[in-house]
Student: 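Attaching a single structure in structure tokens format; questions to follow.
Everything numeric in this text was worked out from a predicted model, so none of it was measured.
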Protein chains: 2
Amino acid sequence: MKMAFDGIDATFVALADPTRRAILARLAQGEVTVMDLAEPFSMSQPAISKHLKVLENAGLVTRGRDGTRRPVRAETKRLRQATAWLEDFCARLEGNYQRLDALLAEMKTVQKD
Amino acid sequence: MKMAFDGIDATFVALADPTRRAILARLAQGEVTVMDLAEPFSMSQPAISKHLKVLENAGLVTRGRDGTRRPVRAETKRLRQATAWLEDFCARLEGNYQRLDALLAEMKTVQKD
DNA sequence: AAGCTATATAACTATTCGGTTATATATAGG
DNA sequence: CCTATATATAACCGAATAGTTATATAGCTT
């Protein structure tokens, strides 16, 4: 359908792939190069570069420059935003049910009277 | 690559689609039927049914039975799990940087001595 | 039982995605 | 300047995705 891009979209798309989540997890140990990732993931270097581009476009990682290397580091701002978005989402959904529960409880009370 | 299914995967895959997020958002107003969704989303009924199947398989919604209708309601448990997962993820990533900062600070101190 | 309504399923299509290999580009070092 | 190394890009491929239309199924209602 291609709906409006709400900013959270790229984040969830990036997180939907297990390889990309694993790459992010690896970054908890510090900066890595492309080849650092290609080896343990038994994946070709171009495949890693593609995943990194997705992560970079989503603002989840940034790239540096160290000679010919392009070290990758995690950025948590967007992840924090996504977390906040999810929390708000849950709250709204649960809020509704609380209201529904309250409504049902009220109806029962009214019936009893 | 098809990595190990870690449970969080289906949740993020489901959330990666803007239509499915919109469906979930719509559920904050309460239960809806398939046709309730098909109309405002200007999408065919089978398309909605497919999205609902994805959401249901991810445990993000459950279906009821009301005559010929199959009302949909949101389930927040998995969303809560995803939120917790994201929070932990952020914490690990930021924790690393804190350690790195501490390390750099320590190195500077040592040099100064 | 017949018909109406809501949903599900099947079959198909176009596009996107995640991977590959081959090649191009850029930077460091002899 | 030449070579080696790290990364990026291009071209391609198969599988998955998101949509469609047509049809089947299931439950009311009369």
Student: Rounded to the nearest angstrom, tell me the gap between atom CG in A:Asp9 and atom P in C:dC17.
Tutor: 10 Å

Student: When hydrophobic residues are tied together by side-chain contacts of less than 4.5 Å, even through go-betweens, does B:Ile23 share a cluster with A:Val13?
Tutor: no

Student: In whole Å, I'd like the distance from the NZ atom of B:Lys50 to the C1' atom of C:dT9.
Tutor: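 It is 10 Å, rounded to the nearest whole Å.
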
Student: If we count only N and O atoms by modelled type, under 3.5 Å, do the side chains of A:Thr83 and A:Glu87 hold a donor and an acceptor together?
Tutor: no

Student: Going through the distances and angles, do A:Arg26 and A:Asp36 end up as a salt bridge (charged side-chain N to carboxylate O under 4.0 Å, His left out)?
Tutor: CA-CA 10 Å; A:Arg26 173 67 181 75; A:Asp36 286 340; 5.2 Å; no

Student: Between C1' on D:dG27 and CZ on B:Arg63, what's the gap in Å once rounded to a whole number?
Tutor: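 Going from CZ in B:Arg63 over to C1' in D:dG27 covers 15 Å.
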
Student: Can you check whether B:Arg20 has a side-chain N or O nearer than 4.0 Å to OP1 or OP2 of D:dA18?
Tutor: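 Answer yes for this pair, as a side-chain N or O of B:Arg20 is under 4.0 Å from OP1 or OP2.
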
Student: Please state whether the phosphate of D:dT20, meaning OP1 or OP2, lies under 4.0 angstrom from any side-chain nitrogen or oxygen of B:Ser44.
Tutor: yes

Student: Indicate yes or no for a side-chain donor-acceptor contact from A:Arg20 to the backbone of A:Ala14 under 3.5 Å, with no hydrogens or angles considered.
Tutor: yes

Student: Any non-hydrogen side-chain atom of B:Thr33 less than 4.5 Å from a side-chain atom of B:Asp66?
Tutor: no

Student: Starting from the 5' end of DNA chain C, give me the residue, A:Ala47 or A:Val13, whose nearest nucleotide shows up first.
Tutor: A:Val13

Student: Hey, does the side chain of A:Lys53 come within less than 4.0 Å of D:dT9's phosphate (OP1/OP2), counting only N and O?
Tutor: yes

Student: Can you check the B:Asn57 CG to C:dT9 C1' distance for me, whole Å?
Tutor: 15 Å

Student: Under the salt bridge (Lys or Arg N to Asp or Glu O under 4.0 Å) definition, can you give me all pairs with a residue in residues 76-85 of chain A, not counting sequence neighbours?
Tutor: A:Arg80-B:Glu94

Student: Tell me the interatomic distance from B:Asp17, atom CG, to D:dT17, atom C1', rounded to whole angstroms.
Tutor: 9 Å

Student: Using only side-chain N and O atoms of B:Arg70, determine if any of them is under 4.0 Å from OP1 or OP2 of C:dA8.
Tutor: yes

Student: Is the shortest side-chain heavy-atom distance between B:Leu52 and B:Leu37 below 4.5 Å?
Tutor: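 Heavy-atom side-chain distance check passes, below 4.5 Å.
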
Student: Just how far, in rounded Å, is C1' of C:dT7 from CG of B:Leu37?
Tutor: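 These atoms are roughly 12 Å apart.
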
Student: Show me the protein contacts with nucleotides 22-30 of chain C, counting only N or O atoms at under 3.5 Å.
Tutor:
none

Student: Return the value, rounded to whole Å, for the distance between atom CG of A:Leu52 and atom P of D:dA8.
Tutor: 7 Å

Student: Just how far, in rounded Å, is C1' of C:dT5 from CE of B:Met35?
Tutor: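 Rounded to whole Å, this separation is 10 Å.
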
